[in-house]
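Every chain is numbered from 1 and lettered A, B, ... according to where its sequence line falls, protein lines coming before strand lines. Side-chain atoms are counted along with the backbone in the values below, which use heavy atoms only and exclude waters and symmetry mates.
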There are 2 protein chains.
Amino acid sequence: MRRSKKERQERLQKTIQENPFVTDEELAQEFSVSVQTIRLDRMELSIPELRERIKYVAEKNMQDEVRSLPIEEVIGDIIDIELDKSAISIFDVKKEHVFTRNGIARGHHLFAQANSLAVAVINDEMALTGKAEIRFTQPVKEGSRVVAKAKVIRSEKGRTIVDVSSSVGSDLVFRGEFSMFRAQSAEKGKKDETGN
Amino acid sequence: MRRSKKERQERLQKTIQENPFVTDEELAQEFSVSVQTIRLDRMELSIPELRERIKYVAEKNMQDEVRSLPIEEVIGDIIDIELDKSAISIFDVKKEHVFTRNGIARGHHLFAQANSLAVAVINDEMALTGKAEIRFTQPVKEGSRVVAKAKVIRSEKGRTIVDVSSSVGSDLVFRGEFSMFRAQSAEKGKKDETGN
DNA sequence: TCCGATATTAGGACTAGGTACTAAAAAACA
DNA sequence: TGTTTTTTAGTACCTAGTCCTAATATCGGA
């Protein structure tokens, strides 16, 4: 089923995007063309070779400042973090996050952003949410950029209180106080402040 | 600075763990031994070659990436509902819902199940979460089936209090009180819009 | 229908970063 | 000292490419 060059290249791009681990050989079979054609296509589309693609994906994964939560497991993008102190993440509200009927973001996405930021800010192997008191102060519409700011309020043996405020522009849309359990209560009394 | 084989291998292991992108060539220089020695060491320690290591890291990343997306898809199946009274949903905790590190369900999934059930139980065109007070009483492991039960506590004009309790077997794992805003225009008859 | 442009395929030489293997030299030890 | 372990060297081969040249196929227009 060979189609035009243009169509093949479009499909090629999509295929590789979905599965960066595919070889030229496999693509050639998939599109019933020669390996050389695939390579020409890749060049025209400036798609790097398999190993470079894999490396890129792997490198993205390694930029892991966050201890208690791999960065990809955070909802929203962390733009700043000071472990055990504060963190900021942004989350762009897209079509898939809103109620189709009114275009308002479903609450659990805002919660997820805030909650995962609360987990991320904790400088520990493990952190779990114990309690939370939250408030959705204003509806958030599709297309909005929600900025969540987490602040560690206090920390006692195995428990940390994190406050998260989320805003769109200057409007507060969400606030929550999270009581987080943490894995190793490294501190008994006064702990050494080395941080590492 | 060449030391014993044992020490070199220990340091080798650590070095590769910290930076999986290092080649045998570079390691050979670092430890002032030949490339072949590094290869023997890797074999003895069963450390795969650079490309395999990179691939592994990249694959882990891909899994996590698709993992943080499907939150908007299914947040439990509603198995019973009596509009404006009560509802029950079940949610099977799978690999994609847990922290890779410890296999415990991420809080926002339990919240999402509860929250969307709270939305669903309301017999109205539109329902938004205003406030919530929630408590994660026990960690939920991968493979668990969480049953959430929502109960409408009271309902005033434009405001409804819904209580949701989630359990695994006989153990309560989550409780939340949701204060929901509802649209005044009560258009009845349609019961779908589950909040997913 | 033929012509020229574009697209595709084939092949060779070379690359990185290896595996798998053999063989020899060096170091450690008893 | 002799033996065992460790290290090094070198060869052939692999994958998944790059870069380049050259031949063939296919398509659109006069």
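The separation between Glu7(B) atom CD and dT6(D) atom P is 15 Å, rounded to whole Å. Here dT6(C) presents its C1' atom at 17 Å from CE of Met43(A), a figure rounded to the nearest Å. Rounded to whole Å, the distance from NZ on Lys5(B) to C1' on dT5(D) is 8 Å. Residue Arg8(A) contributes atom CZ, which lies 12 Å from atom C1' of dT9(C) at whole-angstrom precision. Put simply, NZ on Lys6(B) is 12 Å from P on dT6(D), counting in whole angstrom units. When the P atom of dT5(D) is taken as reference, atom CG of Asp41(B) falls 17 Å away, rounded to whole Å. In this structure, CD1 of Ile16(B) is placed 14 Å from P of dG17(C), rounded to the nearest angstrom. Here the C1' atom of nucleotide dT24(D) and the CD atom of Gln36(A) are 13 Å apart, to the nearest Å.
By the 4.5 Å heavy-atom criterion applied to side chains, Phe178(B) and Glu133(B) are not counted as neighbours.
You'll find that the side chain of Ser34(A) is closest to dA10(C), out of dG18(C), dG17(D), dA10(C). Taking only side-chain atoms of Leu40(A), from C-beta outward, the nucleotide of dT9(C), dG18(C), dG17(D) with the closest atom is dT9(C).
More than 12 heavy atoms of other shown residues, nucleotides or ligands fall within 6.0 angstrom of atom CZ in Arg53(A). Other residues, nucleotides and ligands contribute over 12 non-hydrogen atoms within 6.0 Å of the CD atom of Glu30(A).
Not a single donor-acceptor contact under 3.5 angstrom links the side-chain atoms of Arg51(A) to the base of dG17(D).
One finds a side-chain N or O of Thr37(B) lying less than 4.0 angstrom from the OP1 or OP2 phosphate oxygen of dT8(D).
Under the 4.5 Å side-chain heavy-atom criterion for Ile, Leu, Val, Met, Phe, Trp and Tyr, Val164(A) and Ile161(A) are members of distinct hydrophobic clusters.
A residue-by-residue look at Ile38(A) and Arg39(B) shows that Ile38(A) has its nearest nucleotide of DNA chain C further toward the 5' end. Sequence order on DNA chain C of the closest nucleotides to Val22(B) and Gln9(A) puts Gln9(A) first from the 5' end.
Between the side chains of Ser89(A) and Gln113(A), at least one donor N or O sits under 3.5 Å from an acceptor N or O.
If you check every strand for non-hydrogen atoms under 4.0 Å, Arg42(A) touches sugar and phosphate atoms only.
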